[in-house]
Trainee: 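Below is one structure. I have some questions about it.
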Amino acid sequence: MLKENLDNVLENINKACEKAGRKPEDVTLIAVSKTKPLSDIEELITYGIKEYGENKVQELCDKYEAVSTKVNWHLIGHLQTNKVKYIVDKAYLIHSVDSIHLAQEIEKQAAKKDVACDILIQVNIAHEETKFGIDETNIYEILDTVKDFEHIRVRGLMTIAPFVDNPEDNRGYFRKMHQLLLDIKSKNIDNVDMSILSMGMTNDYMVAIEEGATMVRVGTGIFGERNYNI
Ligand SMILES: *Cc1c(COP(=O)(O)O)cnc(C)c1O
């Protein structure tokens, strides 16, 4: 089942790229493995998948230790400042930086471990009260702080679009994110390279790719439905 699902997702990525005149190699698929067993990850590794997304620090650390091959772990869920110390040297990329306070803590812990930490700024582009992420009008405030940090590199932006039945309803949000990325890029801020745009989940990754996503985070589409009660 995993192989079929994966092939289907990869085919959809190709289709979306073709439609948008983009190259499939410019889009990175992150397999969102939260709640899923290590055996699923090990199987996907044999199909060549090297990028995995987790939304909880503890689960990411456990899987990081247990997996048989080196893969890249993406922290995609909300990060509390008191957990930063567990993750700075394990996360390949932290997608969910949403405050100056959190960025400061990442800088501090990364300095302690003498590592450089790649991060994305999470933007709440639809201004949903239930979602984390900063308002786009506040983004320059964060970037202005981070530009002087020595252990953080801002690689781009991330968003979680609203849950909608029709993915077309999110197109406008994805477009706004891409525009924001280009605006920031044009300002050439120190420490900020804006090469990554992480957006699109099982329901809407094709639309996200058409609008410029360079990373899509797909869970259900690869692993099937999640069961949070186990
Ligand atoms: C769970 C999760 C995903 C994947 O969601 P699916 O709808 O299962 O593809 C993507 N991004 C974040 C931040 C998530 O928490």
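Throughout, residue positions are numbered sequentially from 1 according to the sequence presented. Computed from a predicted model, the values in this text were never measured in an experiment. Read the numbers this way: they start at 1 and go in the same order the structure lists the ligands and their atoms.
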Trainee: Side-chain heavy atoms under 4.5 Å apart, restricted to Ile/Leu/Val/Met/Phe/Trp/Tyr: what other residues fall into the cluster of Met215, or is it alone?
Mentor: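 Besides Met215, the hydrophobic cluster comprises Ile30, Tyr92, Leu93, Leu120, Met158, Ile160, Phe163, Ile196, Met201, listed by chain and residue number.
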Trainee: If hydrophobic residues (ILVMFWY) are linked whenever their side-chain heavy atoms come closer than 4.5 Å, directly or via other members, who joins Ile76 in its cluster?
Mentor: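 In the cluster with Ile76 are Val32.
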Trainee: Determine the sole option in Val97, Asp118, Val146 for which the side-chain contact (heavy atoms from CB on, under 4.5 Å) test with Val154 is passed.
Mentor: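 Exactly one option meets the side-chain contact (heavy atoms from CB on, under 4.5 Å) with Val154, and it is Val146.
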Trainee: Holding to ring-ring contact (aromatic ring centres under 6.0 Å, His included), I want the full list of residues that pass it with Phe132, two or more places apart in sequence or in another chain.
Mentor: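 Partners of Phe132 by the ring-ring contact (aromatic ring centres under 6.0 Å, His included) criterion, ordered by chain and then number, come out as His78.
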Trainee: Return the minimal non-hydrogen interatomic distance between Gly200 and Phe174, and the atom names on each side.
Mentor: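 It is N-CE2, 4.1 Å.
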Trainee: For Asp62 and Gln58, run side-chain hydrogen bond (donor to acceptor under 3.5 Å, both in side chains): C-alpha distance rounded to whole Å, both residues' side-chain angles, the deciding distance at 0.1 Å, then the answer.
Mentor: CA-CA 6 Å; Asp62 290 348; Gln58 181 72 51; 3.1 Å; yes
Trainee: What residues sit with at least one heavy atom under 4.0 Å from ligand 1?
Mentor: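 Shell around ligand 1 (4.0 Å, heavy atoms): Val32, Lys34, Ile76, Ile160, Met201, Thr202, Arg217, Val218, Gly219, Thr220, Arg226.
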